[in-house]
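Just below is one structure, and these are the notes that go with it.
We number each residue from 1, following the sequence as shown.
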Amino acid sequence: MGSYLIRRFFLMLLTLFGISVLVFTMLRVVPGNIADILFDAAGMIDTREKVKLEKELGLDKPIAVQYARWIGGLFRGDLGYSYISEKPALAEILPRIPITARLAGLALTFAVLIGVPLGVISAVKQNTRLDYILRIVSLSGLSMPAFWLGLLILMGFVAYFGTIPIYSDQPTSFWRALEMYSVPAAAVGFRSSALLMRLTRSSMLEVLRQDYIRTARSKGASETTINYYHALKNAMLPVVTVIGIEAAFLLGGLIVTETVFNIPGVARFLVEAVRWRDYPMVQNLVMFIAVVVVTINFVIDMLYAAVDPRIRYGS
């Protein structure tokens, strides 16, 4: 187990190193840098001002030197500062992380609480009218884009309630936060719940055909015990994998949802930073998302052994 953890740790470091090199290089290969944008936005004419600006931002140095400075700053806890707001990068990023985390956590909770139980019911009631209805619902969730569903929800609230549930200010209480986050979380979580529903159904159907399920029935075990203790427990391995993937996706892929509902989270801020070529902000935000994704994948791998006792990690 110890050797496995060491290998995984170095693999995580290697993955993060590759991502950092790729992001850093691609930002500078793309035509147009922050100096060009600031130079044009300020209406400057003298090219000497542009050269001076590039020197102040450190863009006149070779890419390798710029990368070494950035990585060195990360290890020291210095993330640099935003080229646009001229504020420390950490001060810009930290307030947005809890916002995205709450939205992603609520969406994932919605997806698991809705998708897994309905997937079990769909499998147990296979080829019945209820199964067909649930399969149509799951296909609808996979087919509808989150931004389109979000717009429909906004129009529905305006039509029936005369108000729009958008993020307006920092919530002062738990219930106020739940009120502001629940609608966008449901909009983006509906797709995830549909995916979990279909995966749970297919996994359950495969397990329900196994010999030990027939043996449990022959011993007189109740359907509830068979479905939720024997079958679901052994069908959860692929479901847990997808839950981890969805968690990583939600933390970094809420760009459209945060834009539609005017939520000042990490994903929306990343798009703005890319548009302005704000190198420090883009690099740090991408690395934050990469660390989250790699960590979640590691946690999911560790959960495999807890879900399925047959899985053992060793040398």
Mind checking whether [X] and [Y] have side chains closer than 4.5 Å, heavy atoms only?
X	Y	answer
Met144	Phe190	yes
Phe110	Ser193	yes
Ile263	Arg268	no
Val239	Leu232	no
Leu74	Asn284	yes
Val207	Tyr212	yes

Assigning hydrophobic clusters by single linkage (Ile, Leu, Val, Met, Phe, Trp, Tyr; side-chain heavy-atom cutoff under 4.5 Å), is [X] placed with [Y]?
X	Y	result
Ile19	Val21	yes
Ile245	Met12	no
Leu139	Val188	no
Val183	Leu113	no
Ile136	Leu149	no

Once you round to the nearest 0.5 Å, how far does [atom1] of [X] lie from [atom2] of [Y]?
X	Y	atom1	atom2	result
Leu142	Ser192	CG	OG	9.5 Å
Asn297	Thr241	CG	OG1	9.5 Å
Ser82	Lys87	OG	NZ	9.0 Å
Leu14	Arg7	CG	CZ	14.5 Å
Ile300	Ile243	CD1	CD1	7.5 Å

Report the relative orientation of the aromatic rings in Phe24 and Trp70; use parallel for angles under 30°, tilted for 30 to 60°, perpendicular for over 60°.
parallel
Applying the side-chain contact (heavy atoms from CB on, under 4.5 Å) test to Val266, which of Ile99, Leu285, Val292 qualifies?
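The residue from Ile99, Leu285, Val292 that satisfies side-chain contact (heavy atoms from CB on, under 4.5 Å) with Val266 turns out to be Leu285.
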Answer yes or no: does atom CD of Glu206 have more than 12 heavy-atom neighbours from other residues, nucleotides or ligands under 6.0 Å?
no
How about Phe17: does its CZ atom have over 12 heavy atoms from other parts shown lying under 6.0 Å from it?
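No.
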Cation-pi geometry met for Arg102 and Tyr181 (6.0 Å, 45°):
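The answer is no; the distance or angle limit is not met.
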Please determine, by modelled atom types, if Ser143 and Ser140 share a side-chain donor-acceptor pair under 3.5 angstrom.
no
Donor-acceptor pair, [X] side chain versus [Y] backbone, under 3.5 Å?
X	Y	result
Thr109	Gly105	yes
Ser203	Leu199	no
Arg214	Arg209	yes

To check you understand the geometry: which heavy-atom pair defines the closest contact between [X] and [Y], and what is its length?
X	Y	result
Leu250	Thr100	O-CG2, 4.5 Å
Gly244	Ile296	O-CG2, 3.3 Å
Pro264	Arg96	O-CG, 3.3 Å
Leu16	Met287	O-CE, 3.7 Å

Can you give me every donor-acceptor pair (side chain of residues 117-127, partner residue at least two apart or in another chain, under 3.5 Å) with its distance?
from	atom 1	to	atom 2	distance (Å)
Ser122	OG	Asp131	OD1	2.4
Ser122	OG	Arg201	NE	3.0

Please lay out, stage by stage, how Thr225 and Ser222 fare under the test side-chain hydrogen bond (donor to acceptor under 3.5 Å, both in side chains).
CA-CA 5 Å; Thr225 302; Ser222 65; 2.8 Å; yes
Dump the intermediate steps for side-chain contact (heavy atoms from CB on, under 4.5 Å) on Tyr67 and Ile71, then the final yes or no.
CA-CA 6 Å; Tyr67 176 80; Ile71 291 296; 3.4 Å; yes
Test side-chain contact (heavy atoms from CB on, under 4.5 Å) applied to Arg217 and Glu223, step by step
CA-CA 8 Å; Arg217 283 200 175 97; Glu223 286 299 316; 3.1 Å; yes
Go through it in stages, so that I can follow the logic: the residues are Lys61 and Arg69, the test is side-chain contact (heavy atoms from CB on, under 4.5 Å), and I'd like the CA-CA distance, side-chain angles, deciding distance and then a yes or no.
CA-CA 10 Å; Lys61 304 292 183 183; Arg69 287 183 175 179; 3.6 Å; yes
Can you list the steps and then say if Leu103 with Glu258 is a side-chain contact (heavy atoms from CB on, under 4.5 Å)?
CA-CA 9 Å; Leu103 179 59; Glu258 289 183 352; 4.1 Å; yes
